[in-house]
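All values derive from a computational prediction rather than experimental measurement.
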Amino acid sequence: MALSKEKFLTLFLDEFAENILVAENQIILLKNDSNNADALATLLRTLHTIKGSTRMLQFNKMESLVHGAETVFKGIREGRYTVDARLVRFFFIIADHLRYAAKSIAENGDESLPSLGLLSAACERLSANEAFDLSSIPALALQTSAQESLGPAPSQNPSKNIDKNAALSSNRHEHNPLSKTNETATTIQDGNNAHENLDKESSIRVDAATIDRAINLVNTMTVRQLRLRSAVDQIENFQRDLSKTSNLDLSKTAKRNLAELARAMRLFKSQYSDQLFEIDHGMQELRETVIGMRMLPLSVILDRFPRMVEETASSLGKEVCISISGDGVRLDRTVMEKLSDPLIHLIRNSVDHGIESKEKRIEAGKPTRGSIRLDCKTEGNRISVSVSDDGAGFDYQSIRERAIGIWPEEESDIRSMGEEELTHFLFKPGFTTRANSNALSGRGIGLDIVKTNIEAVKGQIQVQSKIGHGSTFTLLLPVSASTMDGMFVSCSDRSYFIPASSITRTLLIDQSTCFRLGQRDMFNLEGVNIPLSDLSMALQTEQSTRPLTSIPVLLVRGPVETIGIVVDRILGYDSLVYQGLPKGLQKNPLVQGVVFDPSFHIIPILNMWAVLDRLRSVRAMDTHRRFASSAPIEKATVLVVDDSISTREIMVSMLHLEGYDVVSAVDGVDALEKLRSTRTDIVVSDLNMPRMDGLKLLENIRSDQNLANTPVIIVTTVNEEPIRARAEALGANKYILKSSFEQDNLISAVRNLVSAGKKTTKGPTS
């Protein structure tokens, strides 16, 4: 009975992709340490495994090529020759052709190896220790970014699994392919004992999209859980109010009815409190379980880096080894997808920019082989990934001169900057110290990509560099993209959530210990002068009155320095479900999402990198003079009307961050009451609402002589010409569709109407 290839195809392709990586990494070990018998044994054993599986499935061309490679490395075991750079390059070519054949199998069901004859002949010449010309062998450009090694969801069809450089299966990292080494060799070590021996019989393959949907459902249920807890809290408030009626002069019947109501409420609260307790524990366990299903070991992307370093260094005429520790640390797949490209850029920068040429390293008294170290470790609910090299470090003078060349109008400020401040320029789009670009660097996009991707997953970057001793880039990332730990703070009578990854310490400092140094407020902590900046400066809000004796401060670690962020109050720490912003509200750089506090209020999450950028831009301002004036700052008041709590609260937060006083209403009736009791400069209203819709509200505003001139912006999903015409006839100043809604449209419309001081109504514009 013939063997069915289709039945085993997915398993074969996954196993092949993993084994070919193992083989590549072993040959790099042998190049750096020719006496590494364990690496040679692992290499031969891996090639034999590949040959056996290809023979079983009758992929004869692949089997023939692997057999040729196996013969070559048996010659090394016999001591007839050693591994050098040319042999490594030759094996990389073989590996790429094998990947090409595997891709052909996945897509067409049949292997394709057009250069098999040339490759087999080269293997024969090499095994006979005869000269061979690498240039005569066609190389395939199959190697792609490490990000693509994540591949599609494991349960998708084999052709997609092998596409984009034979992506690894997410559940097959059970061993350490580079466990035996010495200090000069390329190494990958297990971290935190996280490579588990999975029971293959009890594991299943689950589509990543299914897991994502499950996580979204868990998040939705968590929000409903918060609503239920809020309802139980309201019952407690009702009970307290009811207890106050015991002293009232009521009839016996009324007192009896109230007593029965109180008993019913106690019973109701007891039952639901018990259920809520069980739901809390069950939801927490469910969340951790579902999120854990989306976690992958970092080895999924890190296993490809040894080859990348070898090829990059070889192209530059350098010798560089990379050591990797903690590759078993597990990370959310969505975070990992954003991490791979930054790591590629940082490692290539280390090889190209950081590690010096052999001649310069000899002059500096360093080993000719440069060293890059990639360390991964878990720190609470975040992971730390650092890329270090023993190269030349940053050339701060080149950075300074390049910055002056790009921004000549800021020359005096740039001349006075210290090394830490100059480092910020490295992350600016288009910034590079290279006069000429090459395939690896000089285009000014590398570190900008690093910054953009890390910010996208709510991470942080820290940089250290010492001239002549190398540089270290540390990436701090959340373990999960679904939850976030952080601190609630109050500033200018508003609450904000600051991610824990941004905070190194919380303090309450004595105001008498603060001092002025140049244009910056400072305080001394354990012998170190730390700059102080007020959060209200970044948010462009008025500073609240604080006690004269003590100041709440959050120590926030930026890319190169620690800054004390002054807030009004530190409210507490929590771990909460993170919610992304709607598409139209994602352009405010200061806000990266929202969380729900225990009272089910929507609280904006501050992007502390953007906050620090904003503070740097206003550093030259005299902050004392800004807030010293006793005259209150006149701010326009915006009334936001929407029956959706999430839409309403998010719009309130966005407008507040733009410097407006914001009042909210749940429908037209509520809005009219607030319009008649509060001075309002502009109204932003939905259309479809209970009790009174947006058109009826607009009609009431225009018919009231005290409100008639108030500008009104309609923000709605209704894209019907009769409704738009009706809004125009009633005098709407702007009609914005939520389907094409962008924050800039709303902010600019509010700003224009407020600044123009509209006195008469005007027909709507699109």
Side-chain angles (χ1 to χ4, degrees), residues 220 223 579-588 591 594 602 604 636-658 660-676 678 680-704 707-756 758 760-766:
T220 300
V223 172
Q579 298 284 331
L581 291 173
K583 183 177 180 181
L585 297 176
Q586 292 174 355
K587 290 192 175 182
N588 190 318
V591 179
V594 296
I602 294 178
T637 300
V638 182
L639 174 62
V640 174
V641 192
D642 201 303
D643 61 320
S644 166
I645 183 172
S646 57
T647 301
R648 184 173 70 247
E649 290 298 324
I650 289 172
M651 290 174 71
V652 167
S653 296
M654 296 302 105
L655 288 164
H656 180 80
L657 285 173
E658 291 296 324
Y660 297 105
D661 283 331
V662 189
V663 179
S664 65
V666 299
D667 57 26
V669 173
D670 188 21
L672 276 179
E673 291 175 357
K674 288 176 178 172
L675 279 167
R676 288 165 179 159
T678 307
T680 302
D681 296 285
I682 189 166
V683 176
V684 178
S685 177
D686 189 17
L687 275 186
N688 294 326
M689 297 179 291
R691 296 203 294 175
M692 181 186 293
D693 63 22
L695 290 179
K696 193 66 177 176
L697 170 62
L698 180 58
E699 185 178 357
N700 276 275
I701 291 174
R702 295 298 178 235
S703 62
D704 188 323
L707 304 174
N709 293 327
T710 304
V712 177
I713 299 174
I714 300 295
V715 180
T716 179
T717 59
V718 179
N719 188 18
E720 299 176 11
E721 191 55 41
I723 300 298
R724 183 188 290 266
R726 175 68 173 155
E728 178 179 0
L730 290 173
N733 297 77
K734 190 81 174 176
Y735 193 98
I736 300 176
L737 290 175
K738 287 183 180 178
S739 59
S740 59
F741 173 71
E742 291 187 358
Q743 179 189 332
D744 287 355
N745 292 347
L746 176 61
I747 298 303
S748 116
V750 170
R751 185 181 298 119
N752 292 339
L753 289 172
V754 169
S755 63
K758 295 290 184 178
T760 58
T761 60
K762 178 181 178 181
T765 57
S766 301

For D686 and V641: C-alpha separation, side-chain torsions, deciding distance, then whether side chain to side chain contact (heavy atoms under 4.5 Å, CB included) applies. CA-CA 6 Å; D686 189 17; V641 192; over 6 Å; no
Calculate, to the nearest 0.5 Å, the distance between atoms [atom1] and [atom2] belonging to [X] and [Y] respectively.
X	Y	atom1	atom2	value
D704	L675	CG	CG	9.0 Å
L698	I713	CG	CD1	12.0 Å
M692	S685	CE	OG	10.5 Å
Y660	I682	OH	CD1	8.0 Å
N752	N733	CG	CG	11.5 Å
I736	I714	CD1	CD1	10.0 Å

Checking side chain to side chain contact (heavy atoms under 4.5 Å, CB included) for the pair L687/D693: CA distance, chi angles, key distance, verdict? CA-CA 5 Å; L687 275 186; D693 63 22; 5.9 Å; no
Show, in sequence, the C-alpha distance, side-chain angles and deciding distance for V712 and K734, and conclude whether the side chain to side chain contact (heavy atoms under 4.5 Å, CB included) test is met. CA-CA 7 Å; V712 177; K734 190 81 174 176; over 6 Å; no
Which atom names give the shortest non-hydrogen contact between D643 and M689, and what distance separates them? OD1-CG, 3.8 Å
What pair of heavy atoms forms the shortest contact from P604 to V591, and how long is it? CB-CG1, 4.1 Å
Any donor-acceptor pair under 3.5 Å from D681 side chain to T637 backbone: yes
Would you say T680's side chain and T678's backbone share a donor-acceptor pair under 3.5 angstrom? yes
Should we count NZ of K696 as having more than 12 external heavy atoms under 6.0 Å? no
R726/E699 ion pair, N-O < 4.0 Å: yes
Can you list the residues that meet the side chain to side chain donor-acceptor pair (under 3.5 Å) rule with R691, with sequence neighbours excluded? D667
Applying the side chain to side chain contact (heavy atoms under 4.5 Å, CB included) criterion to V683, which one of V663, L707, T710 satisfies it? T710
For residues R724 and V718, determine if any side-chain heavy atom of one lies less than 4.5 Å from a side-chain heavy atom of the other. no
Could you check I723 against E728 for side chain to side chain contact (heavy atoms under 4.5 Å, CB included), going step by step and ending with a plain yes or no? CA-CA 9 Å; I723 300 298; E728 178 179 0; over 6 Å; no
